[in-house]
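All figures in this text were calculated on a predicted structure; none of them were measured in a lab. Throughout, a chain's letter reflects where its sequence line sits, starting with A, and its residues are numbered from 1.
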Amino acid sequence: MARILITSALPYINGIKHLGNLVGSQLPADLYARYMRGRGHEVMFICATDEHGTPAELAAAKAGKPVADYCAEMHDTQGELARGFRLSFDHYGRSSSPQNHALTQHLAARLGQAGLIEEVTEKQVYSITDARFLPDRYIEGTCPNCGYDRARGDQCENCTKQLDPTDLVNPRSAISGATDLEVRETKHLFLRQSALRDRLDQWIDSQQGWPVLTTSIAKKWLHDGNGLQDRGITRDLDWGVPAQFDGAPWQGMDGKVFYVWFDAPIEYIAATAEWAEAQGLDEAAWRRWWREDEGADDVRYVQFMGKDNVPFHTLSFPATLMGSGEPWKMVDYIKSFNYLNYDGGQFSTSLGRGVFMDQALSILPADYWRWWLLSHAPESSDAEFTWENFQASVNKDLADVLGNLASRVTKFCRSKFGEVVPEGGAYGPREDQLIADLTTRLRAYEAHMEAMEIRKSASELRALWVLGNEYLQDAAPWSTFKTDPEAAAAQIRLALNLIRVYAIVSRPFIPDAAASLMQAMGSDDWSWPEDLGAALATLPAGHAFTVPDVLFAKITDEQRADWETRFAGTR
RNA sequence: GGGCCUGUAGCUCAAUUGGUUAGAGCAGAGCGCUCAUAACGCUUUGGUUGGGGGUUCGAGUCCCUCCGGGCCUACCA
């Protein structure tokens with residue numbers, strides 16, 4: 001039994017996430033966690049809300065609430081949706097937790113003591129009306145290059161020219177439109193990532209089999225231009241982890257907080273500490289997952305994230321852990337994803353374009369979404385959601401191939417033998433062949449799951465379901481029954497057992513349907529079918545079962561048309 | 001501008017890293033079955049692998065070039 005630590009990129013607090021966000025980190029992480037638990041491994045699956053930063057403060061202001069209250073509410077909202085999608089976090093924490101405050105300050109102090117923190121005084125744009133410093137992209141104005149009047153301070157969206165906020169003509173605050181902006185000096189702490197460049201480079205080189213997407217982004221940042229740049233890790237904000245604290249190896253940082261990207265990954269660790277506290281366990285309980293000197297040396301740590309998160313997970317966070325000089329567990333494998341687009345364009349929160357997590361659950365059960373999203377996960381390139389594809393995939397795979405199989409087997413048995421596993425007859429060559437075929441497919445499925453090849457895993461799982469239909473067609477118990485009822489009994493006994501096996505192997509993808517199937521088979525034995533012959537003999541003759549309700553109702557053309565219109569966006 | 005990814009059947013994707021005749025699923029066509037959610041099974045149509053050039057005994061795979069799509073580019077997260 002292995003110990004596997006799994007973290008999903010933290011969803012940002014400022015609103016409900018869309019399906020693209022879901023499939024980019026939390027959902028595949030959940031798939032992997034569920035699979036590894038199913039195989040009997042010890043899993044720690046961690047997620048949390050990422051609560052700091054300018055957008056959180058602005059969202060709270062817009063909602064007319066104190067930021068702490070806003071975050072607490074959104075944390076609960078997102079948590080409820082996570083439960084709705086059956087995301088099986090061992091702990092769902094908050095980057096604003098006391099544990100994260102303490103750990104972030106601890107690591108920052110260690111970095112400071114190691115000489116890896118530098119104080120830098122820089123000039124930034126301050127908005128008097130908004131009473132805050134403005135990040136470059138929160139300043140708008142006319143592009144000096146092309147004259148576009150809604151250019152942002154970091155780049156003009158129209159002509160793509162890189163800009164400095166002071167380049168803008170008639171600059172204004174993107175928050176309030178205020179024009180009373182001025183350049184002020186402010187002091188910040190910088191993490192001297194450049195000093196760790198060679199160690200990071202060697203560390204990346206030592207990793208085997210990481211997705212190209214992951215390593216190419218890391219390498220780009222390491223070697224582009226003058227190489228890895230130092231990075232500011234503090235901001236002039238109210239809400240966050242205070243950068244000035246007892247024991248800090250610097251002075252004059254009062255009123256400043258750590259940068260959200262500094263404290264967010266640390267929350268992976270802190271959330272595990274939150275977990276320990278919530279479970280009533282001691283410090284050692286979480287440290288054995290994260291400290292190589294306290295038991296984490298045999299942990300395999302896998303991170304899941306969208307490609308936009310890669311630089312922070314391959315460089316900044318490792319730099320933080322390495323630079324601390326303490327034996328923190330570093331990531332072993334980074335699974336990164338491309339983006340999911342919506343019907344020919346991007347998901348858009350502001351335009352209400354695309355399907356968001358709350359809307360998705362309001363129209364269909366989680367398993368439908370889980371199946372489609374995972375079987376179309378954007379692994380090799382960006383993927384696209386269309387209602388037509390969604391309807392076709394879900395109806396065919398879930399309703400026809402899997403759902404109907406369970407239905408035909410249980411209803412046939414009920415009508416001919418009653419609602420018990422029938423006795424009599426014996427397995428022959430056809431059954432041996434089925435077991436052999438299932439074994440081949442299952443081993444392939446396992447290999448793909450181990451390798452986190454998600455689409456391939458889904459395709460192999462579907463092929464496992466198809467084998468059941470092929471067997472039934474070939475064995476034709478409805479025919480056999482007329483001449484040799486005992487043979488039909490053996491065939492149906494096998495088929496009923498197969499349904500239980502399908503429940504087990506399908507559970508990582510479609511946990512609710514899997515539970516329904518298992519319940520219908522009157523069993524609670526979820527042990528992984530290492531030996532399919534044995535697994536298919538688990539339900540003995542005479543064992544009672546029930547005919548499950550329709551497992552997956554089909555999506556009708558009317559529904560599809562309705563949803564297509566409803567989620568197209570306001571303009 | 002620079003870097004990276006990507007383009008394979010009508011659609012969604014494979015192809016053991018240069019090796020036989022480019023494979024699946026869906027959609028389409030035909031046949032079969034009648035237990036089942038008008039479900040299932042079998043057979044089958046469909047490709048100048050974005051265009052052009054090159055290297056090689058051999059190219060979807062490597063090189064050059066052109067065309068299209070996407071991402072990143074360090075103060076959004």
Counting side-chain heavy atoms from C-beta on, which of [options] comes nearest to [X]?
X: Asp400(A); options: G3(B), A14(B), U37(B); answer: U37(B)
X: Asn389(A); options: A77(B), C76(B), U12(B); answer: U12(B)
X: Arg455(A); options: A77(B), C35(B), A14(B); answer: A14(B)
X: Lys396(A); options: C75(B), C71(B), A27(B); answer: A27(B)
X: Trp221(A); options: A74(B), C40(B), C33(B); answer: A74(B)
X: Ala383(A); options: C75(B), C72(B), C13(B); answer: C13(B)
X: Arg137(A); options: A77(B), C4(B), C76(B); answer: C76(B)
X: Tyr339(A); options: U37(B), C71(B), A39(B); answer: C71(B)
X: Arg235(A); options: G25(B), C75(B), G2(B); answer: C75(B)
X: Gln473(A); options: C40(B), U12(B), U6(B); answer: C40(B)

Pick base, sugar-phosphate or nothing for [X], based on heavy-atom distances below 4.0 Å to the nucleic acid.
X: Val550(A); value: base
X: Asp50(A); value: sugar-phosphate
X: Pro477(A); value: nothing
X: Gln229(A); value: base
X: Val394(A); value: nothing
X: Leu228(A); value: base
X: Leu551(A); value: base
X: Glu384(A); value: nothing
X: Thr410(A); value: nothing
X: Ser375(A); value: nothing
X: Lys220(A); value: base
X: Phe552(A); value: base
X: Gly53(A); value: sugar-phosphate
X: Gln346(A); value: sugar-phosphate

Distance between [atom1] atoms of [N] and [M] (Å, rounded):
N: C5(B); M: C64(B); atom1: P; answer: 12 Å
N: U21(B); M: C63(B); atom1: P; answer: 24 Å
N: U16(B); M: G32(B); atom1: P; answer: 40 Å
N: U44(B); M: A27(B); atom1: C1'; answer: 14 Å
N: A29(B); M: G7(B); atom1: C1'; answer: 29 Å
N: G46(B); M: G10(B); atom1: C1'; answer: 9 Å
N: G47(B); M: C57(B); atom1: C1'; answer: 25 Å
N: U17(B); M: G53(B); atom1: P; answer: 29 Å

Could you tell me if [Y] and [X] have a donor-acceptor pair between their side chains, going purely by distance under 3.5 Å?
X: Asn21(A); Y: Gln26(A); value: no
X: Trp221(A); Y: Thr314(A); value: no
X: Gln124(A); Y: Thr186(A); value: no
X: Ser194(A); Y: Asp230(A); value: yes

Q: Would you please classify the geometry between the Trp239(A) ring and the His52(A) ring as parallel, tilted or perpendicular, with 30° and 60° separating the classes?
A: perpendicular

Q. Relative to each other, are the rings of Phe347(A) and His18(A) parallel, tilted or perpendicular (30° and 60° limits)?
A. parallel

Quick check on [N]: is either OP1 or OP2 less than 4.0 Å from any side-chain nitrogen or oxygen of [X]?
X: Lys554(A); N: A39(B); value: yes
X: Arg462(A); N: C26(B); value: yes
X: Ser381(A); N: C13(B); value: no
X: Lys456(A); N: C13(B); value: no
X: Arg231(A); N: C75(B); value: yes
X: Tyr471(A); N: C40(B); value: no

Q.
If you assign each of Asn338(A) and Tyr138(A) to its closest nucleotide in RNA chain B, which residue comes earlier from the 5' end?
A. Asn338(A)

Q | Donor-acceptor pair under 3.5 Å, Gln124(A) side chain vs C75(B) base | A | yes

Q. Would you say the base of C26(B) and the side-chain of Glu388(A) have a donor-acceptor pair closer than 3.5 Å?
A. no

Q: Could you please name the partner base of C40(B), counting Watson-Crick and G-U wobble pairs only when both distances are under 3.5 Å?
A: G32(B)

Q: Please give the nucleotide sitting opposite U8(B) as a Watson-Crick or G-U wobble pair, both distances under 3.5 Å, or none.
A: none

(Q) Just confirming the chi classification of U17(B), syn or anti, using 90° around 0 as the syn window. (A) syn

**Q.** Note: Arg152(A)-Asp154(A) ion pair, threshold 4.0 Å (strictly below)
**A.** yes

Q) Among Trp369(A), Tyr368(A), Tyr342(A), whose ring-ring contact (aromatic ring centres under 6.0 Å, His included) with Phe390(A) holds? A) Trp369(A)

Q. How many Å lie between NZ on Lys411(A) and P on U34(B), as a whole number?
A. 19 Å

Q: Please step through side-chain contact (heavy atoms from CB on, under 4.5 Å) for the pair Lys17(A) and Tyr12(A), ending with a clear verdict.
A: CA-CA 8 Å; Lys17(A) 304 292 109 175; Tyr12(A) 196 65; 4.0 Å; yes

